[in-house]
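I have placed the structure first, in the form of structure tokens, so that the comments after it can refer back to it.
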Amino acid sequence: MSAPAAIAHDTDDVLVGRPSDTELSDQLLSTTWRPMTRAWKIGFAICGLLTLNLLVMVTLTVLRGIGLWGNNIPVAWGFGIINFVWWIGIGHAGTFISAILLLLEQRWRTSINRFTEGMTLFAVMQAGLFPLLHLGRPWFAYWLFPYPSVMDTWPQVRSALPWDAAAVTTYFSVSVMFWYLGLVPDLAALRDRAPSRTRRIIYGIFALGWRGSVRQWRHYHVAYLLLAGLATPLVLSVHSIVSLDFASTILPGWHSTIFPPFFVAGAILSGFAMVLILILPARRVFGLYNVITPRHLDAAAKMLLITSWIVAYSYIAELFTAWYSGDRYEVYQQIVNRPFGWYAWAYWLMLFCNCVATQVFWSRRMRRSPVVLFAVSVLVSIGMWFERFEIIVVSLSRDFLPSSWYIFIPTWVDLGILAGTLGFFGLLFLAFLRVVPFVPVTELKQMRAEMVHEEVRR
Amino acid sequence: MTRAASARPVLMAEFSSGPALLDGIRALAGSGMSRLDAFTPYEVAGLRQLLGVRRSWLSWIVLAAALAGGGGAYLLQWWINVVDYPLNIGGRPYHSAPAFLPITFEMAVLCASAAALLSAIVLGGLPRLWDPVFEIDGFDRATIDRFWVAVGAGDAALPAIDDAQGRIDITTALGAAGALRVLWLDAADRPDRPGWRDTREDAR
Amino acid sequence: MSAMSHDHPHEHPGPGPGDDDDGGEPGGLDRLSRRALFKLAGAGAAAAGLAACSSRPAREILPYAGQPPEVTPGIPLHYATALVEDGFATGLLVASREGRPVKVEGNPDHPASLGATRAIDQAAVLSLFDPQRARAVTERGVPAAWPAIERMLADATARGGAGLHLVLEPTSSPLVIELVGRLRAALPAAGVTFWSPFTPRSSIAGNRLALGRPLQTQLDFRAADVIVALDADLVGDHPMASAYARQIADRRRVVDGGSAMNRLYAIEAGYTPTGVMADHRMRVRGSQIARIAAELLAELQRGGVPAPAAAGRFAQLTAPPDRARWIAAIARDLARVPGRSVVAAGERQPPAVHATVAAINALLGNAGRTVGYTAPVVFEAGGPSHDLANLVRAIDRHEGDGGGVTTLLILGGNPVYTAPADLAVADAISRVDRSLYLGLYDNETARACRFMVPGLHELEQWGAARAYDGTITPLQPLIEPLFGGRGVADVLHQLLGDPPASPRDRLVQAWPRAVPGADLEAALVRGAVANTALPGVTAALAWDTLAPALAAAAVMPAEPAQADGGATLELDIRPHPFVHDGRYTNNPWLLELPEPTTKLTWDNAAQLSPATAARLGVGDGDVIALTIPGTGGAASRTLAIPAILVPGHADGAITLQTGFGRDGGEDIARGIGGNAFRLWTTTAGFHPAARAVALGEHRALAIAQVEASTGDRPIVLSGTLHALGGEAFRDELAGHRGAQPSLYPAFEARGPQWAMSIDLTTCNGCSACVMACAAENNTPVVGKRQVQNRRQMHWLRIDRYIGRYPGGTTGAGIDAASDATAVVQPMLCQHCERAPCEYVCPVEATSHSPDGLNEMTYNRCIGTRFCSNNCPYKVRRFNWFDYKDHRSLRVLGKNPDVTVRDRGVMEKCTYCVQRIRRTEIDARVADRPIGPEEVQTACQQACPTRAITFGSLTDPQAPVVEHRHRPHSYAVLHDQGTVPRTQYLARIRNPNPALDGTADGAAGDRHGGHG
Amino acid sequence: MAALFPPWTNTATRIVLGAVALAVVGAIATPMIYARSPYATGQQDPVLQPIAFDHRHHVRDDGIDCLYCHEDAERSAFAGVPATERCLGCHNQIWNDTPSIAPLRDSAETGLPIRWQRVHSLPDFVYFDHSVHVRRGIGCVSCHGRVDEMAAVHQVQRLTMSWCLDCHRDPVPNLRPRERITSMTWTPAPGEQAELARRYQPRSLTHCSTCHR
């Protein structure tokens, strides 16, 4: 340990100890070539199977039609769109952490941003499946994009769906770019450190010949900041636009101006929950206690608490506006149907998971207990799924004309696809852990240097 | 002398930390050298200023791309709905400006981001899998934990001091600044080709 | 996706009649039937439109070899013919495309149709092209040769008809009647029985009691100010239902508060369309009707209606308190308008009731005015030959002397299934050595018989029949017999040994004798022979036979409910409105069509009131075992069947509909629902003491509407005629129509502006429009499971809401829920000017046309279903699976003018845009304007009560414009700002002030009531 | 020690990147070009018929008017293909024993139709009506081309939706006098079509249910 490093050692630090550049590099780069642990292998196998099941379900759906799902008239949207919104929401934490917290100069983001960005990408990939799958004729999905067709027809851009298409594709592409740009120096490091020649060549190609020269750093720095600056409004816009799929309609329970902020908050809530669900085991498996410290957990827990309160506020606001508007349909939807209708149980489950369970984080001890964090995160993820269930299924099942009211019951294909995406998500994630350093080495080394610098000053 | 050739390093020195690197650069600057470049595993505070590299102008490219993307998107939507195939959709006006905005915004962001990434790569002289410096022994630590400074062949001050004595002076100066190694890469030799004569002298 | 899809997606080649690959599955277009078709009509260009909306048309063009002069490919021809049911003809016009009948319309010149159709008529095309129809002569199920049967018949003839017995459906056909006459002359030993479960029997017997002669009652509502329907479904279940519905509705059209409107009282057990239409409805068990009729008669006399002394002793007869007020009020209402009222009783009621009713009508002076009597239209109606027991007796005689029946010919019908349970017809038949069945299907009777001969569908037949009023109606085929079937007449001719001749020639020969002085060609063009309705006969009351009948009627029925904790209930059995006595049960259109008042599809169930259900502890779908004790030593019979709750049903009674529980060879009909005939006896339409036990099992029913309350939402507006005169109600109504503030600029409207108006006052929920829509627009059938998944494809549905108004429905039961009253509302695409569905579609698949149509472009739809989510009326339908059955024979019945939708595509009502465009084109080609009523939508055309009006708002002559200006015209969910082009005329009731609970019913009704 | 990548890799990278970019562009452009190619639209592709019917001979040499055989074009959606008996109207007398019209004779005997091959086939969800187009002064040649010069008839126009729209947006350039509908050679005098537009009042119909029902 170098002398200055000895100064700070309390667990409140975002970096325990002051490991040297060499130490950090060895520890964090080696996650890609260290032999795989048993836990990892088991997880990979399970996810593989689930992914296979996803493949089967998707094939079935495309061959026979979405009649295989539980959807009906009135409930024309079911699991497909619920899962879409849920996954997209999860995808939000990544960019939030890496972009917004970067601009807010939150140091605790550094060691987890790559990780969460990865999560974002894979979540958005799951989400992207659904708008495609839920179409009656998926093979015409490209009609959503404007191209000179011999039919001389175009997309109808007053609909929120083309907005969605644009938003989701943009969000995915930008996330990939952001992620890759951040990766380049680490890829270069792997090029120069990886054990086998093949690995070094592969990494070398993707490193594009990065040398870390002043001129490269000069543009790199600005580009990275700009991407963060662009991703920040983007991440806010994406879920706002997703929320417009509902807010732009006249359906009671959808037709609401509060949706955009409400959805973004919910997205970040579910996103952070998923971050914790993933990072706690990873931290344990790869023994990264020094870079992912209680300080990180604490911060994440606080985010959960804050966003869950925003969400709670939105629920209350919905009820109030419904009552205050005096609109008979809105009143019925919000004050009768959801809390006491066919799906009342889902409503109360949602409230418990999203608003009650998170309250434990008023306690500092809870905020730092991995077990509690993990449990609550799982609850929140479930709760947020059911929030989308409330919005989509429950609202549709009872809209304007009572004559067409009807209940929605999912089929085994619905459940199979949901499980499948979970597996596919896990599969990608586990692979990601092995392919690139999931803690940004370069950024961490730089942060360490700055911290040492500051400490020397003191 | 071409740009590439003049950038070709003649003298390179390796340091163990950012601060040390900065000292070394000051030493070189002291001996009037100006065409300097540095290779570091991560951004070293103050390095850019010390080398007198101006802030990147990449932002302007990005701004242009954003405007192009957004403007293009809006125009396309307008043209589709007002000019090419106007249809009565739910009694909404052909030119439904508010409805055109989301896509406009998204396209602006998309183009801007793409521009940012690409220009960062291109302006950084990438992709360039091979570079003379990669030929140097131990340079692979430049991405891990070593900090390098290089003097380009085109340096104006170089001819004046590039003799046996000058080399010794500079080497000692760098050594004093904490350089682990100092390499003189013979200028007489063809640039851009592997296997230079490596006239090494121990710093100690 | 292949690049081709830039143009138009090609998936599977679209087979059709013009396409050369053979449907493999049985019932596919096998060569035989196809060649038969080509002979009649090279289906040529009509292939277009048959294939799905994303597939190539047939690659071949098959022109006629010799083109019939009248045929122009692409232009439909209409032929007048008729459907015959229980012996009564309903005149129809059938549209033919290149020789394929594709659509049935009513015949305006026919008294039983007046241009309208019933749902059953609309479905006829599907029955014709039913792939499961019997195709070949069989003996015990194995293919046999016709000559064998010829020999059998010859043999029977040779023995002078000894041991020969025929069972025919009741007939009014002059041709068949003539043949039967000849047969009886030629083969005196032969026996002839006519059988059909629901042909009029009781009413004729009742008239014999009252008037001394077997007479058929003819009603005329045009001059009737007050109508009392005693367990009589006049607009639903009657050979003249369409015509009667029209007449009653014509007197109920409200222009404003001042309109003259008839008043309809319905007194019935189960809920019927007549009950829906009624101003006052009393729910009583079928067995109580007799007593009520008597009470009414007595009350009339007390009210001073002149009556002969013989009836005098009724004066003391009084109604029990719970209905005394009603009886008094109705009686006063009737007495108010002597000679201008109608009292009618249903066929299920015993003769005594009909006799009483005849007496009432006579005393009110209705006889000869609104109520007439004619000789029975059906041959020997009400006579002994109509008793199926004859057959059994004849066969049983076998055991005794050497006589009995050796050759049994059952020509049509399905006696084995429809026979009263107390007759063991099936095993009687099994005791006959040589039995033959002639019919459309390999049904129960066919299986009981030795020989099966494929019969003819009406649309394959030459012939003639009489309408209920006696009007002669010719039948002509639309297509050659698909499976080379034979008609009843053919067999009779064979028996009589007549030389072979074509059916048409036979008609030409017989016609002059049957209808003297009438030109056949003219009749075929008109579809009816004018002035051939039977002459009315005037008959005085025959008190010597009437008096005992009245006495019988006056007996107060026991209250079975009291017997044992409510387990003993009265069982009412009535024909199902769509599958009737089971003859249409293999028609999926009719099975999937929701029953008008229960909304039940693909099933029949035990209908009972909520109160009774509570007593039995059952809910919808809970199976109950119904048992009726065996009579005369016969074993008791039990039927396990799920229950369905019907608010407004009489307490202590169960209604069962017939036609289900079939177990013949028809795949679709077999095994759905329960067979009510097993509990049916010839004595009466209801059984006073059936035991009902909840079995504790549950059978999921496919009910097309689960929520029955409008939740006080502005969906169905209704009020009294009196209220419509006042400001309050008018203002309320005015708040539900008219312009609303909008941020959007108005769109320039080019050409006509199509709009629809639907009158909820005259709509009785008969559902003919729904079937017409399905037939016109090729909407698929999805089956019971998919209905349970709420995926039915009807573009037009009839919503049934349960409300409660003062005096709407009342009964002995105090239970409020059971006293609820139903209102019905046809719901279809409203063609909103600011359609919420349009702006959410990402690909312009649904857009607005300059003439105000909400267009649905199937081939552009990618199936996001966003439009359905945003449709407040939920009238959009989605193809969850691939529903186009190209391989089936049914494809021939599809409308070539309407795209058959592909899997994954949204669809909905288009205001029959194909009809609009065709008319536009015709008008443009002829350089003339479109007439005010020239475009008719399929639903409008079918509607018996003319409740639907369609036309252009720009045409001052168009009735729809006038409808819009009526005070009670309103838009559903007006508050949503969708500006629908479809508006409704509020449901206006004309209650009897004496029974109307409200002070003066100043404002509209509320539908919050029962959920 | 030598670098991981030799110098030539720099050039290689540029080439590879260029190729990838090209592939992406190609993948998008190719189907669009294909969809417009005669191969996809089925143009310029003479169809083999059961009888080698030569329009050149019948139309040009014999001067038979289109409407003689395709008689329904003025009153029905379908122009109609002549019934066997119509062909026999002439071919009873002339060429009645040529082997080439054997299918015709068979059809006459068996009463089974001749299986002509469709040349102009629109998708089933498109409802084209000959009568109204003809009545508004759109000539045969506008859509079917110079049939009088075709041995075996082939599709001349693209028959894509955009092609239909071209005329539906502005029908005037395709107008001709009703009496010259079937003419293969008619050309407008200056200003004539504007005059026709005034007389025939052709409408520009581009809403969906014009063709899709």
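The chains referred to below are lettered A, B, ... by the order of the sequence lines, with proteins before strands, and numbering in each begins at 1.
- Most heavy-atom pairs under 4.5 Å with chain C, from the set A:Pro155, A:Ala76, A:Gly65: that is A:Ala76.
- Judged by a 6.0 Å distance limit and a 45° cone about the ring axis, C:Arg791 is not positioned over the six-membered ring of C:Tyr883.
- When heavy atoms are compared at a cutoff of 4.5 Å, C:Glu844 approaches chain A by way of both its backbone and its side chain.
- Heavy atoms closer than 4.5 Å to chain C are found nowhere in A:Ile392, neither backbone nor side chain.
- In this model, a donor atom of one side chain and an acceptor atom of the other lie less than 3.5 Å apart for A:Ser395 and A:Arg338.
- With a 4.5 Å cut-off on non-hydrogen atoms, A:Leu132 does not touch chain C at all.
- Between A:Phe389 and A:Phe79, the ring center distance fails the sub-6.0 Å criterion.
- C:Gln830 contributes a side-chain N or O that, together with a main-chain N or O of C:Leu828, makes up a donor-acceptor pair within less than 3.5 Å.
- For a residue to count as touching a neighbouring chain, one of its non-hydrogen atoms must lie under 4.5 Å from one of that chain's; by this rule C:Arg876 touches chain A with the backbone only.
- Using a 4.5 Å cut-off between heavy atoms, C:Asn789 contacts chain A through its backbone alone, with no side-chain atom that close.
- Interface summary for chain A: among C:Met827, C:Arg860, C:Gln786, the most heavy-atom pairs under 4.5 angstrom belong to C:Arg860.
- Between C:Tyr873 and C:Cys832, some side-chain heavy-atom pair lies under the 4.5 Å cut-off.
- Ion pair A:Arg328/C:Asp975 flagged as a salt bridge, since at least one NZ, NE, NH1 or NH2 atom sits closer than 4.0 Å to an Asp/Glu carboxylate oxygen.
- Interface residue C:Pro872: backbone and side-chain heavy atoms are both found under 4.5 Å from chain A.
- With no hydrogens or angles considered, no side-chain donor-acceptor pair links C:Gln705 and A:Ser403 at under 3.5 Å.
- Proximity to chain A is limited to the backbone of C:Glu838, based on heavy atoms less than 4.5 angstrom apart.
- Residue contact with chain A, scored on non-hydrogen atoms closer than 4.5 Å, involves the side chain of C:Val972 exclusively.
- At a 4.5 Å heavy-atom cutoff, the contact between C:Thr864 and chain A is made by backbone and side-chain atoms alike.
- Heavy-atom pairs under 4.5 Å with chain C peak, among A:Val75, A:Ile409, A:Val62, A:Val157, at A:Val62.
- The residue among A:Leu161, A:Leu144, A:Leu396, A:Asn71 with the most heavy atom pairs within less than 4.5 Å of chain C is A:Asn71.
- When the candidates A:Tyr329, A:Trp405, A:Trp254 are compared by the number of heavy-atom contacts under 4.5 Å with chain C, A:Tyr329 comes out ahead.
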